There are 2 protein chains.
Amino acid sequence: MLQTGDQFLVKKINKSIVLETIKKNGPISRAQISEVTGLNKSTVSSLVNELIQEEFAYEIGLGQSKGGRRPLMLLFNTTAGHAIGVDIGVNYLLAVLTDLQGNIVQETMLTIANLSFENIVDLLKQTIQALIDQAPPSKYGIVGIGIAVPGIVDEHGQILFAPNLGWENVDVKSIIQGHFHLPVTINNEAKAGAMGEKIFGVGKGIAHSVYVSLGIGIGTGIIINNELYKGCNGFAGEMGHIPIEPNGKKCRCGNRGCWELYASENALLEQAKALAIPPAPNEPEITLAHLVTLADEGHHEVINLFNQVGEYIGLGLTTIINTFNPELIVIGNRMTSAEKWLINPITRIVENRSLAYSRKQLRIQFSGLNMHSAVFGAVSFAIDDFFANTRISL
Amino acid sequence: MLQTGDQFLVKKINKSIVLETIKKNGPISRAQISEVTGLNKSTVSSLVNELIQEEFAYEIGLGQSKGGRRPLMLLFNTTAGHAIGVDIGVNYLLAVLTDLQGNIVQETMLTIANLSFENIVDLLKQTIQALIDQAPPSKYGIVGIGIAVPGIVDEHGQILFAPNLGWENVDVKSIIQGHFHLPVTINNEAKAGAMGEKIFGVGKGIAHSVYVSLGIGIGTGIIINNELYKGCNGFAGEMGHIPIEPNGKKCRCGNRGCWELYASENALLEQAKALAIPPAPNEPEITLAHLVTLADEGHHEVINLFNQVGEYIGLGLTTIINTFNPELIVIGNRMTSAEKWLINPITRIVENRSLAYSRKQLRIQFSGLNMHSAVFGAVSFAIDDFFANTRISL
DNA sequence: TTACTTTGTTCAACCGACAAACTAATAAAA
DNA sequence: TTTTATTAGTTTGTCGGTTGAACAAAGTAA
């Protein structure tokens, strides 16, 4: 059964447009909204009044006159409700409580010692409960919980495979939903990162972009027509496993020469070990942070290593550029900390290898969200779902 | 300015749904349409009557009773108008006149001897005029002209670069539009092929698919959410130039090791030449058809060659599968004639190298449209534009 | 013949967007 | 200061579209 049209659909569309306009351009008057959106003044007035009733917007006072009656300025009520986002990393758990515009109210970061499923679920429950307890009272309360995980998630939010956590076929969604009786969305970490950048980061307002999560492995989140592309089963964007070296190293995915074997943090560290580069004095193993320090100190081997890995990153980006002709590529996750040493080889390869046409309007940027892309994305899923579902019923 | 909602939008949506339902499920009664779409009986009745007035649908007679009054069956009026599609190949020009459902009324195929721009434009004009002259009279006449070209086309229909035709920055759209005073759409050959398969071929009804045009070079057309994805400047899908061998052969695009250097018809023929495989007795150069014949006759070297090229094809498909998680990959263009010798290495590589999750629901099919994918796609652009534009005014 | 179904139309009700007329508030000009 | 023009926001009536109920038409089954 297709989505047919009726007056409720019209109202939903227009009300969304009005709210989005207030969110984006606030403080803004009714008259300006009418001008910007093309909607009639009276339509805007009526919709705005409903939004005020529902506490999604409020009047902040009179604005500057432009030669006539002074406008009544409107603002989005960011604290009509709150949302929770969680990023389950391989050895950490980052959780935030935000208002409806993604402003962080409270944040928890903890290191995971015991990787067992039961332990992580317990930590999840405790952390989320703590955040819920700290949420200021509001009209809509906690509107939802978004969770990002480093693994393969299907279209129903089932976690099929998270190798770095040792999980297979686990239903975190039902567990958390059953425990808190709140809407829960589960998404792959790279997809969440893509949405985080799209809503709160450098991807704001950009229709077609690709987020590349360069972490222990590599994942990508693809934004097409302002929406996350999930593919027919939810598995789109597993570009960490595109073949880059046809006869390259064997990957546990079954393929050979996968991109992430050459361009991820893991790849970098393994090669550093192979070169017998010593770890920092007080650490047992070599770390990314230490490699950056060594490069900063002028360590030639390490600088070459970054060059080499950067070139492989650029090679994968070439595939992305020629395939998607995106307006923006955002590079996120742990490897952003080495931006300084990676940006040159990346741009060199991209400029030499990708199609000039597809590259014309392209920007490549490192995430500015400071490792919060995924958690912001998780939040944005929760908030989007809230608006998509609640507002229909009006 | 965003697309706001009003009653006209609602009507446009619903009328489209009704017409699509008739197209897809006809012969069908008003009552059945109401049931299938969820629209009210009276709404359906009123919209159907308008469609009949406009000659987009007609009543074909009474159907079988299901225990009550016999239904009046409706059919889409495929000949309310006609469309023209042209596929400009590297040495041929294929043009068709079809009805509104893509049924071919007339077809012209001619070989191009003189590749000069002026000559091809002349041929285009003559061929199109001949088809227009042969179109049966109808309410809407020729609704549009769609043209597919082997090259890079921007979002405005400008042909920026067609290496195999020797064209750069030519405005065929304005020329043809000015000459015939009909709407003209220009698209890349692979994008057209993708739409052709989506509307008239094996891709019918499939939301996410990728069409791979294996011809002299390689191009791809990406269907996402039932729509062609063009990217931010119209250049998406240039996957012939994704790097497959990082230190491979130099490509004229500036990159190295591009997919099309290893998996296209050209790649196949060049390697055949390198192996000194002799051409057919009466032909100056080796051809694909002849290689297929040799393979059929058991020529080991040629069979190995097909295996090798097929494996490279599979390698690129792996990238497509892991990136897009499509429901369907359609392989089209000239290399389809070697399906028999390519299908095995392709599936072997795909099964060994692509992610099992992403592959679960995947089908890989060779085009059944017999080299007509692109020309059908060109037609579908013309027809789609007609319905998108005409019907708004109602 | 009667009762029940299914199909398609008609008509009043409703809902939302819109345009025009209105009130309100202000700046600039006389 | 008064007048005029301008901008902001509300009110009112109209228009177009979907909907549901009632109805007529045309059938089946017992």
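Just so it is clear, the model here is predicted, and its values are computed rather than measured. Within every chain, numbering begins at 1; the chains are lettered A, B, ... in the order of the sequence lines, protein sequences first and strands thereafter.
In this structure, CZ of B:F8 is placed 11 Å from P of D:dT18, rounded to the nearest angstrom. C:dT7 atom P lies 13 Å from atom CG of B:L74, rounded to whole Å. Here the C1' atom of nucleotide C:dT7 and the CD atom of B:E59 are 12 Å apart, to the nearest Å. A:E35 has its CD atom 15 Å from the P atom of D:dT6, to the nearest Å. Distance, A:L47 CG to D:dG9 P: 15 Å, rounded to whole Å. Look at NZ on B:K12: it is 17 Å from C1' on C:dA17, rounded to the nearest Å. Following rounding to the nearest Å, A:I33 (CD1) and C:dA17 (C1') show an atom-to-atom distance of 16 Å. Atom CG in A:L62 sits roughly 11 Å away from atom P in C:dA27 (whole-Å rounding).
Candidate nucleotides D:dT18, C:dG8, D:dA8 were compared by shortest atom distance to the side chain of A:A31, and D:dA8 ranks first. Considering only side-chain atoms of B:Q7, the nucleotide from C:dT7, C:dA19, D:dG17 that sits closest is D:dG17. The side chain of B:V10 lies closest to D:dT18, out of C:dG8, D:dG9, D:dT18.
Phosphate contact (OP1/OP2 of C:dA17, side-chain N/O of A:N14, threshold under 4.0 Å): present. Dashed line: the shortest gap from a side-chain N or O of B:N40 to OP1 or OP2 of D:dG20 is under 4.0 Å. Listed pair A:K41 / D:dG9 fails the phosphate criterion, with no side-chain N or O lying under 4.0 Å from OP1 or OP2.
Here the CG-CZ distance, from A:N77 to A:F56, works out to 9.0 Å after rounding to the nearest 0.5 Å.
Between A:M73 and B:T43, the residue whose closest nucleotide on DNA chain D is further toward the 5' end is A:M73. Comparing A:R30 and A:D6 along DNA chain D, the residue whose closest nucleotide (by nearest heavy atom) sits nearer the 5' end is A:R30.
A:S42 contributes a side-chain N or O that forms a donor-acceptor pair with the base of C:dA19 under 3.5 Å.
Residues B:E59 and B:R30 are paired through a salt bridge, judged by an N-O separation under 4.0 Å between the basic side chain and the carboxylate. A salt bridge links B:E54 to B:K15: one of the charged nitrogens lies within less than 4.0 Å of a carboxylate oxygen. At a threshold of 4.0 Å, the pair A:E50-A:K11 counts as salt-bridged, since one of the basic side-chain nitrogens sits closer than that to a carboxylate oxygen.
Under the side chain to side chain donor-acceptor pair (under 3.5 Å) criterion, B:S174 pairs with B:D171, not counting sequence neighbours.
A heavy-atom distance below 4.0 Å to DNA chain C is reached by these residues of residues 63-72 of chain A, ordered by number: A:S65, A:G67, A:G68, A:R69, A:R70.
Figure legend: A:K23 and A:F387 shown as a cation-pi pair, the cationic atom lying under 6.0 angstrom from the six-membered ring centre and within 45 degrees of its axis.
Using a 4.0 Å heavy-atom criterion, one finds that A:S29 contacts the sugar-phosphate atoms exclusively. Within the nucleic acid shown, A:S46 has no heavy atom closer than 4.0 Å to any nucleic acid atom.
Ring to ring, A:F386 and A:Y140 are close: their centroids are under 6.0 angstrom apart.
With respect to B:E197, the side chain to side chain donor-acceptor pair (under 3.5 Å) criterion is satisfied by exactly one of B:S373, B:S209, B:S380: B:S373.
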